[in-house]
Protein chains: 2
Amino acid sequence: MNLTEVKEHIVKSGLKATHQRMIVLQNLSNDSSHPTAEKLYDSLQMYNPSLSLSTVYRILDDLVEVGLINQVATKGGIKRYDANITPHNHIYCNITNEIFDFYDEELHQVIKDFFEKKQIANFKISDIKMQVNGFKVDLDQKVSFKQ
Amino acid sequence: MNLTEVKEHIVKSGLKATHQRMIVLQNLSNDSSHPTAEKLYDSLQMYNPSLSLSTVYRILDDLVEVGLINQVATKGGIKRYDANITPHNHIYCNITNEIFDFYDEELHQVIKDFFEKKQIANFKISDIKMQVNGFKVDLDQKVSFKQ
DNA sequence: TTTCTAAACAGGAATCATTCCTATCAATTA
DNA sequence: TAATTGATAGGAATGATTCCTGTTTAGAAA
């Protein structure tokens with residue numbers, strides 16, 4: 001995303017488009033590594049030395065709150081973030097701690113159908129996420145989901 | 001699980017069946033709330049005042065390591081544990097932070113088939129977890145998965 | 001454009017979950 | 001019994017996150 005798009009998204013969400021919010025969202029939207037707050041802070045430091053770490057944390061919370069980004073569930077106890085808010089699932093590498101996105105229309109449909117047919121009593125579903133855990137075979141090579 | 005069963009499991013895993021390990025595993029196996037380390041520590045305190053919190057943390061790590069329990073991935077950044085090591089998925093309530101287990105044979109099979117057909121290049125899958133996020137409709141009532 | 005005000009921010013302190021460290025304890029073997 | 005090894009208690013240290021307070025800023029109103 002470029003700055004103009006970022007600004008539009010933030011304004012549409014109801015938040016003020018402050019400089020700090022824009023650069024945090026832009027940086028996250030151009031980073032597919034599902035970074036932590038601290039990692040984003042580090043990336044931004046070079047060109048925005050006055051940005052504070054607590055601001056990054058608060059902005060990330062706010063962006064999650066209004067639904068512009070997602071917090072990724074991990075076992076590690078460290079929060080990671082994802083600007084991809086389209087439906088998708090995650091592949092976790094237990095060795096490198098990398099997280100990769102994947103999406104398959106057919107799989108999505110099957111799961112959607114399943115939960116329309118079978119009900120969970122007293123529970124309203126907002127979204128369904130799948131986590132594929134495992135490990136990279138060759139750590140130097142990329143992981144890719146083949147259609 | 002009773003103490004005898006717990007002891008058998010621990011010995012079979014290769015760890016020594018110490019008193020602390022047994023009570024931690026027993027307590028967790030009789031608790032379906034997917035508790036945190038601290039919550040387990042609190043439950044055990046009453047009858048085991050000399051048990052230390054750091055021991056609980058270390059024992060949980062050890063039990064995860066040998067595969068007797070699982071660490072549950074959450075967005076909250078706080079680690080939770082699950083003694084149910086059979087294949088199953090989780091339902092998360094965003095209001096109460098409760099986690100419920102569910103399992104469906106048909107769904108399990110569909111997903112298994114899917115990942116046998118479609119490959120992820122350079123990645124070896126160890127397990128696949130699904131998270132159903134949403135919220136309880138009536139907070140005082142139970143959530144139940146209907147077959 | 002300038003002024004005003006609520007919202008947002010910077011920077012550092014505080015908190016909370018978790019891990020680390022070290023002396024002690026328990027079990028096993030010689 | 002003594003020696004060795006692994007496990008624990010208890011507290012200190014660490015790391016991630018949140019909180020607090022004074023200052024700044026965005027955007028509305030004049």
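Just so we're on the same page: letters track the sequence lines, and every chain starts at 1. Keep in mind it's a predicted model, so treat the numbers as computed, not measured.
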Within-4.5 Å side-chain heavy-atom neighbours: [X] and [Y]:
| X | Y | answer |
| --- | --- | --- |
| B/Ile128 | A/Gln131 | no |
| A/Val72 | A/Ile99 | yes |
| B/Leu40 | B/Arg80 | no |
| A/Ile111 | A/Phe115 | yes |
| B/Phe100 | A/Ile120 | no |

d(CE, B/Met22; P, C/dA27) in whole Å: 10 Å

Rounded to whole Å, the CG-P distance (A/Leu51 to C/dC9) equals 9 Å

Could you tell me, to 10°, how much the axis swings from one end of the helix from C/dT1-D/dA30 to C/dA30-D/dT1 to the other, five pairs per end? 20°

Would you check if the distance from the ring center of A/His108 to the ring center of A/Tyr103 is below 6.0 Å? yes

[X] [atom1]: over 12 foreign heavy atoms closer than 6.0 Å:
| X | atom1 | result |
| --- | --- | --- |
| B/Lys75 | NZ | yes |
| A/His9 | NE2 | no |
| A/Gln45 | CD | yes |

Distances for protein N/O vs nucleotides 14-22 of chain C N/O pairs under 3.5 angstrom?
{"residue": "C/dT18", "atom": "OP1", "partner": "B/Lys79", "partner atom": "N", "Å": "2.9"}
{"residue": "C/dT18", "atom": "OP2", "partner": "B/Tyr57", "partner atom": "OH", "Å": "2.6"}
{"residue": "C/dT19", "atom": "OP1", "partner": "B/Lys79", "partner atom": "NZ", "Å": "3.1"}

Taking salt bridge (charged side-chain N to carboxylate O under 4.0 Å, His left out) as the definition, give me every residue that meets it alongside B/Asp127, ordered by chain and number, with sequence neighbours left out. B/Lys129

Below 4.0 angstrom, N of the basic side chain to O of the carboxylate: do A/Lys79 and A/Glu38 qualify? no

Any chance the side chains of B/Asp101 and B/Asn84 put a donor and an acceptor closer than 3.5 Å? yes

Nt span of DNA chain D in reach of chain B heavy atoms at under 4.0 Å, 5' end first, is D/dG6 to D/dG11

Output a table of nitrogen or oxygen pairs between the protein and nucleotides 4-7 of chain C separated by less than 3.5 Å.
{"residue": "C/dA7", "atom": "O4'", "partner": "A/Lys16", "partner atom": "NZ", "Å": "3.4"}

Under the side-chain hydrogen bond (donor to acceptor under 3.5 Å, both in side chains) rule, collect the residues that match up with A/Glu98, sequence neighbours excluded. A/Thr96, A/Lys136

